Amino acid sequence: MSQHLMNTYARQPVTFVKGEGVWLYDAQGNRYLDALAGVAVNGLGHAHPRLVAAISEQAGKLIHVSNIYQIAEQAALADKVCEIAGMDRVFFCNSGCEANEAAIKLARLHGHNNGIENPEIIVMDRAFHGRTLATLSATGNRKTQAGFEPLVSGFVRVPFDDLDAVRQVAEHNPNVVAILVEPVQGEGGINVPRDGKAYLEGLRALCDQYGWLLMLDEVQSGIGRTGTWFAFQHTDIKPDVMTLAKGLGSGVPIGACVARGAASDVFTYGKHGSTFGGNPLATAAGLATLNIIEQDGLCAHAEEIGNWICDALRAEFAGVKGVSTIRNAGLMIGIELDRPCGELVKQALEQRLLINVTAEKVVRLLPPLVINQDEAQQLVSQLSGLIKAFLGQ
Ligand SMILES: *Cc1c(COP(=O)(O)O)cnc(C)c1O
């Protein structure tokens, strides 16, 4: 490997040269089952023919023009996102952290517009919102923050899935302007609220009572992964702001800050911008991604196959000591062990299975939404064998 790359990643010793569906191939022609999908990016799997055609066609016409001109693909994607989300306006950027930066700026501006000079945003323990200064400050993991102090101020932290903690902040802190929360925490360990519907509805009620914005980070949970377009659609509420990235462009970098109602008019001319954000190539990829997910019914499929995988894993691990819990929201799947298990990533790679471990003890699976029954069966068999061996059972 090149000595000219900064050491920001502990890279596995493998280079992929092509992919097809849930499979990746190395230069020797070995085939790997991809249960990570570029960390929830490749929802359509690799080299999806209709996506490749849409991107190729767009690249041959127009890759980039500045946002100082009208961009038809961007307008079409904004319309589509608002239609499926029931939201009003979109700001396009290039990544999840940028989408959250936009949301944080929007919330602060909303506060200032309402006479709050030092606006604060409620964020959660174990949250992950990105690596820029504001988003790492919002993130609830000391490892992400250490060494980068002084952090950006203006965040109040409470435990995840704890409405009372939010209520207490509400009673004592008049500077709060918004809540930023992942409906299902991804990097934090696939943390699913005990009653996700009650939790989000409770947060919505508090936001309504205190005039706060409910801002959902759906960078990982969005774009069909949990069984609905967006995780909040398992409830009856809507957020004021929602952030997207990962699965939206199927690997062509794109992020979006989506807003509704009064929140969608907070940013006015000159308040925010992005050189690349929403360019023709990225938004054509986004539009093709959403159309394919819709045409192929991949949201419903993600829920069904995700639940099937979890049931099969539970059956495999019945009576196995060391597996603490198996939890999922569609195809966001976490298997929590009673011990750190980072080594499993390498052991799985040796068996040509691509998985991830997060929060030290949680095996995380984020397979492409297109994974079929046979592939899911192979994933369950291989992974349960690996985990049992790792646990010495
Ligand atoms: C990955 C992720 C981010 C950061 O996205 P980047 O594109 O890496 O900046 C933010 N929030 C959540 C929930 C994520 O999973």
Side-chain angles (χ1 to χ4, degrees), residues 6 8-9 36-43 91-107 121-141 143-145 148 152 155 157 160-161 178-193 196 199-200 203 214-226 229-232 239 241-258 274 276-279 282 285-286 289 328-334 356-359 362 364-367 369:
M6 291 196 189
T8 51
Y9 289 95
L36 185 58
V39 194
V41 168
N42 305 105
F91 173 84
F92 286 108
C93 50
N94 312 288
S95 64
C97 60
E98 281 178 72
N100 287 327
E101 283 278 339
I104 292 163
K105 281 181 69 176
L106 191 156
I121 299 171
I122 295 179
V123 292
M124 305 299 156
D125 280 340
R126 298 190 289 176
F128 184 81
H129 298 299
R131 301 281 196 160
T132 60
L133 273 175
T135 58
L136 75 82
S137 301
T139 288
N141 179 344
K143 273 197 196 159
T144 309
Q145 299 172 339
F148 301 109
V152 173
F155 296 105
R157 196 168 305 283
F160 182 64
D161 195 18
I179 300 174
L180 175 61
V181 58
E182 298 154 87
V184 178
Q185 290 185 328
E187 308 299 306
I190 311 291
N191 302 317
V192 187
Y199 183 51
L200 286 190
L203 292 177
L214 179 59
M215 308 203 297
L216 299 181
D217 180 345
E218 294 238 22
V219 168
Q220 194 162 143
S221 58
I223 319 295
R225 184 151 290 277
T226 72
W229 279 117
F230 309 105
F232 79 80
V241 175
M242 165 175 73
T243 55
L244 301 174
K246 294 204 163 91
L248 180 55
S250 296
V252 181
I254 185 169
C257 176
V258 187
S274 168
F276 293 127
N279 85 10
T289 300
N328 80 308
L331 280 174
M332 283 180 91
I333 301 170
N356 173 252
V357 168
T358 192
V362 182
R364 177 171 54 159
L365 306 177
L366 298 164
L369 308 185

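Quick caveat, the model's predicted, so the values are computed rather than measured. First listed ligand is number 1; within each ligand, the first listed atom is number 1.
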(message) Among Gly96, Ala40, Pro183, which one puts a heavy atom closest to atom 5 (O) of ligand 1?
(response) Gly96
(request) Decide whether Thr289 and Ser250 meet the rule of one side-chain donor and one side-chain acceptor closer than 3.5 Å. (result) yes
(message) Using a 4.0 Å cut-off to any heavy atom of Gln220, which atoms of ligand 1 qualify?
(response) 15 (O)
(request) Return the residue, atom name and 0.1 Å-rounded distance of the protein heavy atom closest to atom 2 (C) of ligand 1. (result) Lys246 NZ, 2.5 Å
(message) Using a 4.0 Å heavy-atom cut-off, which part of Cys97 comes near ligand 1: side chain, backbone, both, or neither?
(response) both
(request) Nearest heavy atom to atom 11 (N) of ligand 1 wins, so pick from Ile254, Asp217, Leu180. (result) Asp217
(request) Identify, by atom number and element, the atoms of ligand 1 in contact range of Ser95, meaning under 4.0 Å from any of its heavy atoms. (result) 7 (O), 9 (O)
(request) Report the distance from atom CG of Asp161 to atom CE of Met124, rounding to the nearest 0.5 Å. (result) 9.5 Å
(message) Polar contacts were defined as any N/O atom of the residue lying under 3.5 Å from an N/O atom of the ligand; does this apply to Phe128 and ligand 1?
(response) yes
(request) May I ask you to check whether Glu182 has an N/O atom sitting below 3.5 Å from an N/O atom of ligand 1? (result) no
(message) Between Arg225 and Phe230 (side chain of the first, backbone of the second, donor and acceptor by atom type, cut-off under 3.5 Å), is there such a pair?
(response) no
(message) Go through it in stages, so that I can follow the logic: the residues are Val39 and Arg364, the test is side chain to side chain contact (heavy atoms under 4.5 Å, CB included), and I'd like the CA-CA distance, side-chain angles, deciding distance and then a yes or no.
(response) CA-CA 10 Å; Val39 194; Arg364 177 171 54 159; 4.1 Å; yes
(message) Testing Glu187, Gln185, Glu182 one by one against Gln220 for a side-chain hydrogen bond (donor to acceptor under 3.5 Å, both in side chains), which residue passes?
(response) Glu187
(request) Check whether any side-chain N or O of Glu101 sits under 3.5 Å from a backbone N or O of Gly130 as a donor-acceptor pair, and report yes or no. (result) no
(message) If you compare all heavy atoms of Ile223 against all heavy atoms of Gly247, which two are closest, and at what distance to 0.1 Å?
(response) CG2-O, 3.7 Å
(message) If the cut-off is 4.0 Å to any non-hydrogen atom of Asn100, which atoms of ligand 1 fall inside it?
(response) 10 (C), 11 (N)
